[in-house]
**Student:** 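I have a structure I would like to understand better, so I am pasting it below and will then ask my questions one at a time.
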Amino acid sequence: MQAWRVHDNGEPSEVMRLEETERPTPGGGQVLLRVRAANINFPDALLCRGQYQVRPPLPFTPGVEICGETEDGRRVIATPALPHGGFAEYALADAAAVLPAPDALDDAEAAALHIGYQTGWFGLHRRARLEAGETLLVHAAAGGVGSAAVQLGKAAGATVIGVVGGPDKAAVARELGCDVVIDRRAEDVIAAVKEATGGRGADVIYDPVGGEAYTQSAKTVAFEGRIVVVGFASGTIPSPALNHALVKNYAILGLHWGLYNTKNPKLVQHCHEQLTDLAARGAIKPLVSERVPLSGAASAVQRVADGVTTGRVAVLPTSQNGAAA
């Protein structure tokens, strides 16, 4: 089979190599999946760089989120078991963590439903307890993680403010359903949020960016507000001033979605059922901005790493999948 492999750590476009290799052999409790679509996530770039919390042995195949097909023909979504990731024609996954792919979504959309939407659902509902009528602020609202949070926030009945970088991403955020869109490159984010909320601030802030975005969050969070820390795509991990959280009476909530797979896997299953229902009703639909063949995976991962993409970019390993998508 063909698979992208990383032999040395570095930038994705430099270290990912498309190679002919043997199909992986399932270990205990694993299944072999034919990859129908693989969704690109920012952690794929971190894996290539050797900066992710999980460091698979070299060489490895990145690709942490797929829509695949079992040997008996079932369409499923899964997080592949590294080092046999999703940017290949076949991948391995833990059988217990494989979930049915929603019928309402095509392969590329189904591949993009899992990590970003599970993270959004746990962050907004399990951690922040977002309520209808509240104001949700989403940083990087046009990106893969942010776009999922925007849709989930709207589905929950929240007023959604999206922060983006540039006019093209602002247009995407509006299409996603943001009630207010703030271009951080052209506007003062703090002033714009205060103006949009009548000075009150946002009840829930969803932050996959860190750095300056977190500084803005702390200055725009409402009384009894909740800042959900999802990641640090900016590359800068902030150091929150806890006296500020005390004085302003807000909460800082960390979210590590992957822990639920081991700490409380039933919640992951419950979340998937909720997401499948929302997809069936048309309340959520992953924004797949680009579908690329397997040969284009390395350059696509690099574009995601560089922050120049919107929504999700999906890799389709076979021409059959490309036609279906």
Side-chain angles (χ1 to χ4, degrees), residues 1-26 30-70 75-94 97-99 101 107-119 144-145 257-258 261 286 288-305 309 311-318 321-322 325:
M1 70 166 189
Q2 285 195 311
W4 285 94
R5 304 179 87 199
V6 174
H7 294 262
D8 301 286
N9 293 128
E11 286 303 297
S13 62
E14 298 173 0
V15 299
M16 287 176 63
R17 301 182 203 165
L18 186 58
E19 300 176 347
E20 193 72 31
T21 185
E22 296 294 321
R23 291 183 189 178
T25 302
Q30 292 184 328
V31 292
L32 178 69
L33 299 175
R34 183 173 72 86
V35 179
R36 296 175 66 100
N39 176 48
I40 298 175
N41 287 266
F42 191 69
D44 292 315
L46 297 179
L47 281 166
C48 291
R49 294 168 176 166
Q51 297 174 347
Y52 197 51
Q53 56 254 42
V54 176
R55 294 194 177 186
L58 297 167
F60 68 88
T61 297
V64 298
E65 183 176 39
I66 67 169
C67 174
E69 186 176 316
T70 62
R75 203 172 67 108
V76 299
I77 60 174
T79 52
L82 299 174
H84 302 291
F87 301 144
E89 292 180 304
Y90 288 85
L92 295 181
D94 294 327
V98 168
L99 298 166
D107 293 343
E109 293 163 347
L113 182 75
H114 197 37
I115 296 175
Y117 281 84
Q118 285 258 348
T119 299
V145 174
W257 169 75
N261 285 300
V288 180
S289 59
E290 198 177 346
R291 291 168 165 84
V292 300
L294 186 60
S295 60
S299 61
V301 174
Q302 188 65 56
R303 290 198 301 277
V304 171
T309 60
R312 290 300 193 187
V313 179
V315 176
L316 305 173
T318 70
N321 292 338

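What's counted below: heavy atoms across the whole structure, side chains too, no hydrogens, waters or symmetry copies.
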**Student:** Report yes if some heavy atom in the side chain of Arg5 is under 4.5 Å from a heavy atom in the side chain of Thr21; otherwise report no.
**Tutor:** yes

**Student:** Between Thr79 and Val64, is there a side-chain heavy-atom distance shorter than 4.5 Å?
**Tutor:** no

**Student:** May I have the step-by-step check of side-chain contact (heavy atoms from CB on, under 4.5 Å) for Val76 and Cys67, ending in yes or no?
**Tutor:** CA-CA 6 Å; Val76 299; Cys67 174; over 6 Å; no

**Student:** Charged N to carboxylate O below 4.0 Å: is that the case for Arg75 and Glu69?
**Tutor:** no

**Student:** I need the Glu14 CD to Asp8 CG distance, nearest 0.5 Å.
**Tutor:** 11.0 Å

**Student:** Going by heavy atoms in the side chains, are Arg49 and Leu47 under 4.5 Å from each other?
**Tutor:** no

**Student:** Give a yes or no on whether a salt bridge exists between Glu109 and Arg312, defined as a side-chain N under 4.0 angstrom from a carboxylate O.
**Tutor:** no

**Student:** Check whether any side-chain heavy atom of Leu32 sits under 4.5 Å from a side-chain heavy atom of Leu92, and report yes or no.
**Tutor:** yes

**Student:** Is it true that Glu89 and Arg34 have a side-chain N and a carboxylate O under 4.0 angstrom from each other?
**Tutor:** no

**Student:** If you define the side chain from C-beta out and look only at heavy atoms, does anything of Tyr90 sit under 4.5 Å from Val35?
**Tutor:** no

**Student:** Out of Thr61, Val301, Asp44, which one pairs with Met16 under the side chain to side chain contact (heavy atoms under 4.5 Å, CB included) rule?
**Tutor:** Val301

**Student:** Ignoring hydrogens and geometry, is there a side-chain-to-backbone donor-acceptor pair from Asp94 to Gln30 under 3.5 Å?
**Tutor:** no

**Student:** Would you say CZ of Arg23 has more than 12 non-hydrogen atoms from neighbouring residues, nucleotides or ligands within 6.0 angstrom?
**Tutor:** no

**Student:** Counting N and O atoms only, with roles assigned by atom type, does the side chain of Trp4 sit under 3.5 Å from a partner on the main chain of Leu294, one being a donor and the other an acceptor?
**Tutor:** yes

**Student:** Quick one: are Cys48 and Asn9 in side-chain contact, heavy atoms under 4.5 Å?
**Tutor:** no

**Student:** Could you measure the distance from the CZ atom of Phe87 to the CZ atom of Phe60? Nearest 0.5 Å is fine.
**Tutor:** 10.5 Å

**Student:** So Val31 and Thr70, side-chain contact (heavy atoms from CB on, under 4.5 Å) or not? Walk me through it.
**Tutor:** CA-CA 8 Å; Val31 292; Thr70 62; 5.7 Å; no

**Student:** Can you tell me how far the CD1 atom of Ile77 sits from the CG atom of Asp107, to the nearest 0.5 Å?
**Tutor:** 11.5 Å

**Student:** Could you tell me whether the side chain of Arg291 and the main chain of Ala314 form a donor-acceptor pair under 3.5 Å?
**Tutor:** no

**Student:** Just by distance, no angles: are the side chains of Gln302 and Glu11 close enough, under 3.5 Å, to form a donor-acceptor pair?
**Tutor:** yes

**Student:** Step through the shown structure and confirm whether more than 12 heavy atoms of other residues, nucleotides or ligands are within 6.0 Å of CD on Glu22.
**Tutor:** no

**Student:** Taking Asn39's backbone N and O only, do any of them form a donor-acceptor pair with Glu65's side chain (distance below 3.5 Å, no angle check)?
**Tutor:** no

**Student:** Below 4.5 Å, heavy atoms only, C-beta onward: do Leu18 and Gln2 meet side chain to side chain?
**Tutor:** yes

